[in-house]
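See below for the structure under consideration.
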Amino acid sequence: MDNKKRLAYAIIRFLHDQLRHGGLSSDAQESLEVAIQCLETAFGVTVEDSDLALPQTLPEIFEAAATGKSSSLLWCQEMPQDLRTPERTPPSEEDSAEAERLKTEGNEQMKVENFEAAVHFYGKAIELNPANAVYFCNRAAAYSKLGNYAGAVQDCERAICIDPSYSKAYGRMGLALSSLNKHTEAVAYYKKALELDPDNETYKSNLKIAELKLREAPSPTGGVGSFDIAGLLNNPSFMSMASNLMNNPQVQQLMSGMISGGHNPLGTPGTSPSQNDLASLIQAGQQFAQQMQQQNPELIEQLRSQIRSRTPSASNDDQQE
């Protein structure tokens, strides 16, 4: 892979992030947009070339270089000192056995979806044997189930720091990052997971989803999000049914009253839209959905498949070690 293209891609991604979240003035944003276009033209790279992404962002790489440490060591800065030194004392046989028992209990709690208890047991196992990457990786899965994706990312970092060849830690990191909408980073970690475990179908599927979401992310100027609105609007069957809905006299009367604010078709004249208005609108929507299901079940299934295809899977990751 051309490292110049990787560097150009990293810079372009950084500039895009600054456009979105940098709080820049309109003049500064315009200058960045010109710079992005120049870089894309000069190096033949676009922001959609997710295969060029690195596991770390440009600021993280810069921080590592500025401090004279590798990015993997930066991950370990928050870890106990005994995990950062090769001379760490291994746990006793009794502690190792008890840690395994606690890990097994955590796995049992995961099976019955008692995720808070699982976090507790994995944490106790880590206290006894903080050099075991599996314990951190298992707790990361429990954190993800609880919606604590930041905690999951931190535990995956720790697991990778202990065992850089642990594919499941990279896969779970990708899942947590996807849940945080950090799709560029997620793509890089899924690729690393596949490099270590090439036949893992879950990683392959999640990589495709992350790449798709990365391509569909809103542009700095306000693009369309993750649903294919343009394709839907170009579908004759959908537009025909939508037209029938909007020509429904009840819907026309309801929308007219809600927009004007001067007439409530189901309430008192001169009042604002009421809960009855909302209920009628929902009812009309339900009727529209029923009509779509009856007239074009293939279209409905296509829409459902499109929605399902955008949800990362954790099927293999549910299997704790």
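Computed from heavy atoms alone, side chains included, the values below leave out hydrogens, waters and symmetry copies.
- Between Asn148 atom CG and Glu116 atom CD the span is 11.0 Å, to the nearest 0.5 Å.
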Stepwise salt bridge (Lys or Arg N to Asp or Glu O under 4.0 Å) check, Lys208 with Glu211 = CA-CA 5 Å; Lys208 291 180 181 179; Glu211 290 176 332; over 6 Å; no
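- Across Asn138 and Lys103, no two heavy atoms sit closer than the pair ND2-CG, 3.9 Å.
- A 4.5 Å side-chain heavy-atom check between Arg101 and Leu128 finds every atom pair outside the cut-off.
- The shortest distance between side-chain heavy atoms of Lys145 and Met110 falls below 4.5 Å.
- Looking at Asp95 and Glu98, their side chains never come closer than 4.5 Å, going by heavy atoms from C-beta outward.
- A distance-only check finds no donor-acceptor pair linking the side chain of Tyr170 to the backbone of Ser165 [under 3.5 Å].
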Candidate pair Leu177 and His183, rule side chain to side chain contact (heavy atoms under 4.5 Å, CB included), full reasoning = CA-CA 7 Å; Leu177 289 169; His183 303 302; over 6 Å; no
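- When only modelled atom types and interatomic distance are considered, Glu33 and Gln29 share no side-chain donor-acceptor pair under 3.5 Å.
- Distance OH/Tyr189 to CG/Leu207: 14.5 Å, rounded to 0.5 Å.
- Here CG of Leu15 is found 10.0 Å from CD of Glu40. Values are rounded to the nearest 0.5 Å.
- For Leu196 against Pro164, the heavy-atom pair with the smallest separation is CD1-O, 4.1 Å.
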Report the C-alpha separation of Phe115 and Gln109 in whole Å, then their side-chain angles, then the decisive distance to 0.1 Å, and conclude whether the side chain to side chain contact (heavy atoms under 4.5 Å, CB included) test is met.
-> CA-CA 6 Å; Phe115 305 123; Gln109 296 299 323; over 6 Å; no
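- Scanning both residues, Ala186 and Ala210, for their nearest heavy atoms gives CB-CB, 4.4 Å.
- Minimum heavy-atom separation, Ile12 to Val45: CD1-O, 4.0 Å.
- The shortest non-hydrogen separation linking Ile160 to Ala169 is CG1-CB, 3.7 Å.
- Taken from CZ in Phe14 to OG1 in Thr184, the straight-line distance is 14.0 Å, to the nearest 0.5 Å.
- Under the 4.0 Å criterion applied to side-chain N and carboxylate O atoms, Lys192 and Glu195 are assigned as salt-bridge partners.
- Atom CD1 of Ile162 sits about 12.0 Å away from atom CD of Glu157, to the nearest 0.5 Å.
- If you run side chain to side chain contact (heavy atoms under 4.5 Å, CB included) between Tyr122 and each of Leu102, Asn107, Val134, only Asn107 comes through.
- Residue Leu180 holds its CG atom at 9.5 Å from CD of Glu185, rounded to the nearest 0.5 Å.
- In terms of heavy-atom proximity, Ser144 sits nearest to Tyr149 at O-CE2, 3.5 Å.
- Within 6.0 Å of NZ on Lys124 lie no more than 12 heavy atoms contributed by other residues, nucleotides or ligands.
- Although no hydrogens or angles enter the test, the distance criterion places no donor-acceptor pair under 3.5 Å between the side chain of Arg172 and the main chain of Cys156.
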In sequence, state the C-alpha distance, the side-chain angles, and the governing distance for Asn132 and Glu100, and then conclude on side chain to side chain contact (heavy atoms under 4.5 Å, CB included).
-> CA-CA 10 Å; Asn132 191 309; Glu100 279 295 301; 4.1 Å; yes
Run the side chain to side chain contact (heavy atoms under 4.5 Å, CB included) check on Ser178 and Tyr190 step by step: do they pass?
-> CA-CA 10 Å; Ser178 291; Tyr190 283 136; 3.8 Å; yes
